[in-house]
Amino acid sequence: MHLSREEERAHQGELGDSLRKAMEILVALGDIYGADRLIPVRSVQVAGVSFKTIGEAGLEWISDLQGKVAVPAVLNPAGMDLHRWREMGIDESFAKKQLEVVEAYRRLGVSPDCTCTPYQIRPDFARRGDHLAWSESSAVSFANSVIGARTNREGGPSALAAALVGKTPRYGYHLEENRVPTINIAVDADLKPSDYGILGFIVGREVGEGVPQFIFRRRPDIDELKALGAAMAASGSVALYYFEEGGPEAPKGAEEIEVTAADLRAVREENAPDEEVDIVAIGCPHTSERELEELARLLEGKKVERELWICTARGIAERCPRLVEKIEGSGARVLCDTCMVVSPASDRYNKMMVNSGKALAYVPTLCKMKAAYGSAAECVEAATRRG
Ligand SMILES: C[C@@](O)(CCOP(=O)(O)O)CC(=O)O
Ligand code: SF4
């Protein structure tokens with residue numbers, strides 16, 4: 001990979017040890033994937049924040065770095081609400097480590113808005129055509145597919161390296177030739193909002209790393225696209241999809257798969273909730289303001305009978321305090337900075353009901369719990385049902 005004089009100096013350690021470490025990661029990745037050079041990124045989203053996932057070794061690696069990020073950078077969810085962790089049942093020792101992780105990132109200049117939906121609070125972070133270095137797979141999918149920006153799925157260390165250098169190696173989804181659809185998905189069903197998570201769950205399994213081009217009966221809205229992309233990135237590893245006319249054409253003869261209403265129904269039935277559900281969690285990816293409005297409406301006049309977590313970005317919760325108050329009036333909790341998948345607080349439950357195709361894929365594997373699926377209304381129903 002070609003390096004400019006300045007990049008070469010950083011790589012040689014002439015600009016300090018941290019930039020040398022960061023450049024080593026970027027150069028190694030660039031060499032492996034055949035990048036010709038580094039390109040500037042507009043923003044970085046750094047995964048590897050929850051102490052549950054990075055542990056002591058991760059904390060040490062981050063703490064040893066010096067300097068400041070060169071471009072705006074934001075964190076992925078942590079293992080707890082940074083203010084209300086006690087309410088989540090998080091123990092002191094975990095909390096101490098988690099706060100150290102966030103502080104170590106903050107010292108480097110990474111914003112501690114721990115969220116997988118930075119686009120919901122910082123629209124300036126990513127615009128059409130921008131190159132980015134984002135990590136969390138649903139954020140990557142949203143950036144590539146809905147915003148029209150360009151990012152690979154970065155690991156925690158490579159994202160942090162990109163933030164310190166302000167650049168990323170040019171390969172993968174930064175290149176036009178890798179952004180061509182590989183498979184058509186004909187959706188033969190009138191989709192309800194809660195069908196998009198299931199659809200993504202099915203399609204991700206089928207297409208793996210492909211680039212699906214959806215043919216829909218109507219254009220999905222932003223929250224539906226967020227749910228669709230998140231699920232495909234979890235049940236498969238889809239980082240880019242197309243969903244409307246005007247995307248590049250799939251090559252003639254590209255494979256086509258059809259998803260029918262019966263397929264959606266089968267997955268719903270397989271994952272229907274039962275009396276074993278002891279926690280309900282919404283907000284994977286983090287809820288939007290509009291989703292909080294819907295939840296406030298659904299919870300009006302009700303009391304929760306089992307734990308109901310609603311995970312969102314602190315920036316969203318702070319923007320709508322009245323909605324948060326209404327929701328919490330029911331006994332539900334609006335948790336910020338964290339999520340049901342990366343928090344160890346989920347561990348004490350047995351079966352989690354979610355309205356997310358992504359969480360449906362990850363809860364059994366990453367949290368070792370059973371999972372059930374339903375719409376937001378069905379989740380509220382399950383959380384507020386007596387007995
Ligand atoms: C669970 C997930 O959404 C986020 C976990 O990432 P981490 O704990 O920030 O490394 C993984 C992903 O899909 O990127
Ligand atoms: S809420 Fe879902 S999408 Fe967001 S970090 Fe957690 S698992 Fe990933």
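Counting convention: from 1, in listed order, for ligands and their atoms alike. FYI, the numbering just counts along the sequence from 1.
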Chemist: Provide the number and element of each atom of ligand 2 under 4.0 Å from a heavy atom of G283.
Modeler: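 In order of number, 1 (S).
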
Chemist: Quick check on contacts: which atoms of ligand 2 are under 4.0 angstrom from a heavy atom of S138?
Modeler: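 Those atoms are 3 (S).
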
Chemist: Using a 4.0 Å cut-off to any heavy atom of C284, which atoms of ligand 2 qualify?
Modeler: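 Near C284, meaning under 4.0 Å from one of its heavy atoms, ligand 2 has 1 (S), 2 (Fe), 3 (S), 7 (S).
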
Chemist: Let me see the working for E136 and S138 under side-chain hydrogen bond (donor to acceptor under 3.5 Å, both in side chains), right down to the final yes or no.
Modeler: CA-CA 6 Å; E136 202 279 334; S138 75; 2.5 Å; yes

Chemist: Hey, is CZ on R217 packed in by over 12 heavy atoms from elsewhere, all under 6.0 Å?
Modeler: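 Check passes, neighbour count above 12.
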
Chemist: Decide side-chain hydrogen bond (donor to acceptor under 3.5 Å, both in side chains) for S288 and D223; before the verdict, give the C-alpha distance in whole Å, the side-chain angles of both, and the deciding distance to 0.1 Å.
Modeler: CA-CA 7 Å; S288 63; D223 289 326; 3.1 Å; yes

Chemist: Could you find the nearest protein heavy atom to atom 3 (O) of ligand 1 and give me its residue, atom name and distance?
Modeler: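 Closest protein heavy atom to atom 3 (O) of ligand 1: E136 OE2, 2.6 Å.
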
Chemist: Report, in ascending order of atom number, the atoms of ligand 1 lying under 4.0 Å from any heavy atom of A47.
Modeler: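 What qualifies from ligand 1 is 9 (O), 10 (O).
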
Chemist: Taking the six-membered ring for Trp, are F243 and Y241 parallel (under 30°), tilted (30 to 60°) or perpendicular (over 60°)?
Modeler: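 Judged by the thresholds at 30° and 60°, the geometry between F243 and Y241 is tilted.
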
Chemist: How are the rings of Y33 and Y171 set to each other: parallel, tilted or perpendicular (split at 30° and 60°)?
Modeler: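 Rings of Y33 and Y171: parallel, as their planes differ by under 30°.
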
Chemist: So for ligand 1, is S50 a polar contact partner (N or O within less than 3.5 Å, distance only)?
Modeler: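 Among all N and O atoms of S50, none is under 3.5 Å from an N or O of ligand 1.
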
Chemist: Backbone or side chain, does any N or O of T53 fall under 3.5 Å from an N or O of ligand 1?
Modeler: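 Yes: some nitrogen or oxygen of T53 is under 3.5 Å from one in ligand 1.
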
Chemist: In terms of residue, atom name and distance, what is the protein heavy atom nearest to atom 5 (C) of ligand 1?
Modeler: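 The closest heavy atom on the protein side is V342 CG1, 3.6 Å.
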
Chemist: For E209, does the CD atom have more than 12 heavy-atom neighbours from other residues, nucleotides or ligands under 6.0 Å away?
Modeler: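 Counting neighbours around CD of E209, 12 or fewer heavy atoms of other residues, nucleotides or ligands fall under 6.0 Å, so no.
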
Chemist: May I ask which of K358, R153, Q45 has a heavy atom nearer to atom 14 (O) of ligand 1 than the others do?
Modeler: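 The residue whose heavy atom sits nearest atom 14 (O) of ligand 1 is R153.
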
Chemist: If you count the atoms of ligand 2 from 1 in the order shown, which ones are under 4.0 Å from a heavy atom of C116?
Modeler: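 Ligand 2 atoms under the 4.0 Å threshold to C116: 1 (S), 3 (S), 4 (Fe), 5 (S).
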
Chemist: Among all protein heavy atoms in this structure, tell me which lies nearest to atom 13 (O) of ligand 1, with the distance rounded to 0.1 Å.
Modeler: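 So the nearest neighbour among protein heavy atoms is S137 OG, 2.5 Å.
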
Chemist: Within a reach of under 6.0 Å around CZ of R218, are more than 12 heavy atoms found that belong to other residues, nucleotides or ligands?
Modeler: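 Yes, enclosed.
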
Chemist: Are G48 and ligand 1 in contact, using a heavy-atom cut-off of under 4.0 Å?
Modeler: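 G48 counts as a contact of ligand 1 under the 4.0 Å cut-off.
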
Chemist: Quick one: does R333's side chain get under 4.5 Å of E307's, heavy atoms only?
Modeler: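 R333 reaches E307 side chain to side chain.
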
Chemist: Begin from the C-alpha positions of Y119 and F142 and carry the test ring-ring contact (aromatic ring centres under 6.0 Å, His included) through to its verdict.
Modeler: CA-CA 9 Å; Y119 49 86; F142 194 92; 3.8 Å; yes

Chemist: Within a distance under 4.0 Å of any heavy atom of V341, pick out the atoms of ligand 1 and give their elements.
Modeler: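 The list of qualifying atoms is 1 (C).
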
Chemist: Which of the numbered atoms in ligand 2 are under 4.0 angstrom from any heavy atom belonging to P77?
Modeler: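 Listed by number with element: 5 (S).
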
Chemist: I'd like to check which ligand 2 atoms, numbered from 1 as shown, lie under 4.0 Å from a non-hydrogen atom of V341.
Modeler: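 Those of ligand 2 that fall under 4.0 Å from V341 are 7 (S).
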
Chemist: Would you say the side-chain atoms of T338 and D81 include a donor-acceptor pair closer than 3.5 Å?
Modeler: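 Note: T338 and D81 side chains miss the donor-acceptor criterion.
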
Chemist: Looking at Y173, is its backbone amide N or carbonyl O close enough to the side chain of R179 to form a donor-acceptor pair, meaning the two atoms are under 3.5 Å apart?
Modeler: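 The answer is yes, because a donor-acceptor pair under 3.5 Å joins these two groups.
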
Chemist: What part of V49, side chain, backbone, both or neither, has a heavy atom within less than 4.0 angstrom of ligand 1?
Modeler: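 The answer is the backbone of V49.
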
Chemist: Can you name the N/O/S atom of E136 that is nearest atom 8 (Fe) of ligand 2?
Modeler: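 For E136, the N, O or S atom at the smallest distance from atom 8 (Fe) of ligand 2 is OE2.
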
Chemist: Can you tell which part of C339 has a heavy atom less than 4.0 Å from ligand 2: side chain, backbone, both or neither?
Modeler: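 Side chain only.
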
Chemist: So, 4.0 Å and heavy atoms of K52: is ligand 1 close enough to count as a contact?
Modeler: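 False for this residue.
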
Chemist: Which residue from N76, I54, T365 reaches closest to atom 4 (C) of ligand 1 through any of its heavy atoms?
Modeler: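 Nearest heavy atom to atom 4 (C) of ligand 1 lies in N76.
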
Chemist: Can you establish whether the number of heavy atoms outside E289 located under 6.0 Å from its atom CD is more than 12?
Modeler: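 More than 12 heavy atoms, drawn from other residues, nucleotides or ligands, come within 6.0 Å of this atom.
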
